[in-house]
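What follows is a set of notes on a single structure, which appears directly below.
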Amino acid sequence: MNLRPDPTFHATPKLAMEAPAETLAFTLMLSPDGSQPDGLAVVDVDPKSKSYGQIVHQVIMPNIGDEFHHFGWNACSSSLSPLSGHAFLERRYLIIPGIRSSRIYIIDVKDPLKAKIHKIIEPEEVFAKTGYSRPHTIHCGPEGIYVSTLGGGGPDGTDGPPGIFIMDCETFDILGRYEMDRGAQDKHYDFWWNLPRDYMVSSEWGLPPQFENGIVAEDLLSNKYGHAIHFWKLRERRNVQTIDLGENHQMALEIRPAHDPSRDYGFCGVVVDTTNLEGSIWTWWRKEDGTFDARKTVTIPPRPAAADDLPELLKGFEAVPPLVTDIDLSLDDKYLYVACWGTGEMHQYDVSDPMNPTLAGKVELGGIARGTAHPNGSDFAYGPQMVEISRDGKRVYWTNSLYSTWDDQFYPDDEGGQMVMAHVGENGGLTLDPDFCVDFPKGYRAHQIRLEGGDCSTDSFCYPSV
């Protein structure tokens with residue numbers, strides 16, 4: 001424990017934006033066929049460094065078959081909550097769950113170039129203490145580490161609904177389930193909150209049989225994936241409202257609330273509309289009576305393509321859906337970045353008016369039936385996927401792998417893990433950095449990114465910016 005709060009903890013988003021720029025990024029490496037252990041790559045993102053754009057350290061795990069996906073910190077700016085006793089924690093450990101194995105690794109990155117495994121939590125402990133499986137998203141909360149899951153109990157994860165469990169942020173002991181009353185929630189994906197206003201929002205993907213071996217076309221076309229968002233009384237740990245976005249809006253994924261906690265709204269990305277193959281962004285907000293509402297505020301159309309140029313899954317449609325698989329919001333709540341993994345595009349929307357987003361910039365890279373190359377001339381596998389924004393909002397990083405079996409279905413001829421970065425213009429717009437294109441070791445793909453000192457999908461803030 002520190003004698004004063006960690007300097008990377010910030011009371012407000014504005015203060016976080018004024019902090020020193022990141023010089024390192026932490027990126028997950030996964031072995032798609034499970035033939036080698038997954039790992040954590042430390043990437044040099046300091047443009048003044050001789051090793052800029054290179055992997056400068058790796059932590060390779062001792063097991064195979066984990067499939068790393070999402071990860072997060074043990075502690076962040078939420079520790080400054082006046083309701084927390086954890087203001088003197090240190091942002092020191094990365095919590096990395098294996099979405100296939102249900103194993104959790106705690107990685108000590110106090111010295112990033114000597115990052116090492118601190119603790120391993122075996123799946124049997126996860127099952128025994130929570131009844132959940134397939135841990136997915138990590139959020140550092142004021143009183144502990146919150147972990148969402150995609151599976152319930154049983155071998156296929158369908159014995160009861162998935163949910164959230166909480167870990168001790170100092171010992172990393174699993175404490176138990178979060179939910180006291182889950183209401184209509186029976187699937188899970190992402191979650192985030194507004195701490196001062198004491199509510200949480202969660203979303204839905206699908207159950208393990210619907211994603212582990214690839215997308216199940218019959219389930220998609222019969223609208224059996226998740227299509228609702230849930231609102232929770234955070235400290236009472238109960239679901240107070242569920243909004244169904246419509247069964248045709250399949251796979252409601254990332255939840256991105258406004259960073260300034262005085263702003264009572266946020267965004268959710270929907271992968272595909274089964275009636276027209278569109279992707280969409282929804283804005284949700286809290287009304288004066290305390291209830292919530294949501295409205296579709298962005299639609300992204302599919303791109304026509306010849307059947308011969310498409311993977312088997314899409315031949316009958318003769319079109320490429322955008323496949324909105326990740327979104328991220330800048331700390332000033334001005335720009336929302338939308339990864340269109342199918343069409344190979346990264347969109348930048350000005351969301352200063354959250355009910356009326358406008359397209360401010362776009363980059364094309366990769367993409368089904370297109371394969372746009374990087375400005376340095378190298379091929380880019382798959383499409384833009386996991387996106388992360390620097391605290392000052394000037395740099396946007398992304399990787400290319402969605403999920404191993406889905407990569408293989410939508411991009412059967414592609415291979416390789418990559419990470420790129422785009423610069424943000426003074427008045428919006430995106431320009432890829434020709435000198436930053438990281439190729440991951442052979443046999444590995446790349447997924448989520450965390451930035452040294454925190455980033456835009458990690459920290460939640462307890463005080464409004466002034």
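Note that these values count all heavy atoms, side chains included, but never hydrogens, waters or copies made by symmetry. Just so you know, these numbers come straight off a predicted model, no measurement behind them.
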| query | Is the ring centre of W192 less than 6.0 Å from the ring centre of W232? | reply | no
| Hey, would you say the Y146 and Y178 ring centroids sit under 6.0 Å apart? | yes
Which heavy atom of [X] sits nearest a heavy atom of [Y], and at what distance?
{"X": "C462", "Y": "S77", "answer": "SG-O, 4.2 Å"}
{"X": "M167", "Y": "V147", "answer": "SD-CG2, 3.8 Å"}
{"X": "Y189", "Y": "S148", "answer": "O-OG, 3.0 Å"}
{"X": "P32", "Y": "G443", "answer": "CD-O, 3.3 Å"}
{"X": "C268", "Y": "I229", "answer": "SG-CG2, 3.9 Å"}
{"X": "A115", "Y": "V109", "answer": "CB-CG1, 3.8 Å"}

Please examine the side chains of [Y] and [X], heavy atoms only from C-beta on, and report whether any two atoms are closer than 4.5 Å.
{"X": "E364", "Y": "M346", "answer": "no"}
{"X": "Y225", "Y": "V271", "answer": "no"}
{"X": "V272", "Y": "E278", "answer": "no"}
{"X": "N194", "Y": "L234", "answer": "no"}
{"X": "Y265", "Y": "P257", "answer": "no"}
{"X": "T372", "Y": "F380", "answer": "no"}
{"X": "L314", "Y": "P321", "answer": "yes"}
{"X": "E22", "Y": "R395", "answer": "yes"}

| S390: side chain to side chain donor-acceptor pair (under 3.5 Å) partners, not counting sequence neighbours | D392
| note | Contacts of D350 meeting side chain to side chain donor-acceptor pair (under 3.5 Å) (sequence neighbours excluded), chain-then-number -> S352
Any donor-acceptor N/O pair, [X] side chain to [Y] backbone, under 3.5 Å:
{"X": "S133", "Y": "S102", "answer": "no"}
{"X": "S401", "Y": "R445", "answer": "no"}
{"X": "E388", "Y": "Y397", "answer": "no"}
{"X": "D414", "Y": "Y382", "answer": "yes"}
{"X": "W193", "Y": "S460", "answer": "no"}
{"X": "D44", "Y": "V56", "answer": "no"}
{"X": "R237", "Y": "R177", "answer": "yes"}
{"X": "Q185", "Y": "P162", "answer": "yes"}
{"X": "T405", "Y": "G214", "answer": "yes"}
{"X": "Y132", "Y": "F127", "answer": "no"}

| request: With side-chain hydrogen bond (donor to acceptor under 3.5 Å, both in side chains) as the test, would you mind laying out the steps for H374 and Q418 before giving the verdict? | output: CA-CA 11 Å; H374 190 269; Q418 287 160 306; over 6 Å; no
Should the pair [X] and [Y] be assigned to parallel (<30°), tilted (30 to 60°) or perpendicular (>60°) ring geometry?
{"X": "H188", "Y": "F191", "value": "perpendicular"}
{"X": "H70", "Y": "H136", "value": "tilted"}
{"X": "Y403", "Y": "F211", "value": "perpendicular"}
{"X": "Y52", "Y": "F436", "value": "tilted"}

Could you check whether [Y] and [X], counting side-chain N and O atoms only, form a donor-acceptor pair closer than 3.5 Å?
{"X": "Q385", "Y": "N400", "answer": "no"}
{"X": "D455", "Y": "T458", "answer": "yes"}
{"X": "R450", "Y": "T27", "answer": "no"}
{"X": "S280", "Y": "W282", "answer": "yes"}
{"X": "Q348", "Y": "Y337", "answer": "yes"}
{"X": "S203", "Y": "D190", "answer": "no"}
{"X": "D38", "Y": "S31", "answer": "no"}
{"X": "E67", "Y": "S404", "answer": "yes"}

Quick check: are there more than 12 heavy atoms from other residues, nucleotides or ligands sitting under 6.0 Å from [atom1] of [X]?
{"X": "E312", "atom1": "CD", "result": "no"}
{"X": "K114", "atom1": "NZ", "result": "no"}
{"X": "D379", "atom1": "CG", "result": "no"}
{"X": "K14", "atom1": "NZ", "result": "no"}

Once rounded to the nearest 0.5 Å, what's the spacing between atom [atom1] of [X] and atom [atom2] of [Y]?
{"X": "L331", "Y": "L15", "atom1": "CG", "atom2": "CG", "answer": "11.0 Å"}
{"X": "D326", "Y": "C340", "atom1": "CG", "atom2": "SG", "answer": "11.0 Å"}
{"X": "D439", "Y": "Q54", "atom1": "CG", "atom2": "CD", "answer": "11.5 Å"}
{"X": "K394", "Y": "I389", "atom1": "NZ", "atom2": "CD1", "answer": "15.0 Å"}
{"X": "H69", "Y": "L28", "atom1": "NE2", "atom2": "CG", "answer": "10.0 Å"}
{"X": "S330", "Y": "H259", "atom1": "OG", "atom2": "NE2", "answer": "6.5 Å"}

Quick one: do [X] and [Y] make a salt bridge, cutoff under 4.0 Å?
{"X": "E18", "Y": "R391", "result": "no"}
{"X": "D459", "Y": "R91", "result": "yes"}
{"X": "D108", "Y": "K116", "result": "no"}

| field | Test applied, side chain to side chain contact (heavy atoms under 4.5 Å, CB included); reference residue, F410; option that passes from L402, I215, V320 | value | I215
| disulfide (SG to SG under 2.5 Å): which pairs involve residues 100-169, sequence neighbours left out? | C76-C140
| query | Between D333 and R263, does a salt bridge (charged side-chain N to carboxylate O under 4.0 Å, His left out) hold up when you go through it step by step? | reply | CA-CA 9 Å; D333 296 326; R263 297 170 176 165; 2.8 Å; yes
| said: Before you tell me yes or no, could you show the steps for I106 and I120 under side-chain contact (heavy atoms from CB on, under 4.5 Å), namely the whole-Å CA-CA distance, both residues' side-chain angles and the distance that decides it to 0.1 Å? | reply: CA-CA 6 Å; I106 315 298; I120 301 175; over 6 Å; no
| Out of F26, F172, F71, which residue meets the ring-ring contact (aromatic ring centres under 6.0 Å, His included) rule with Y93? | F172
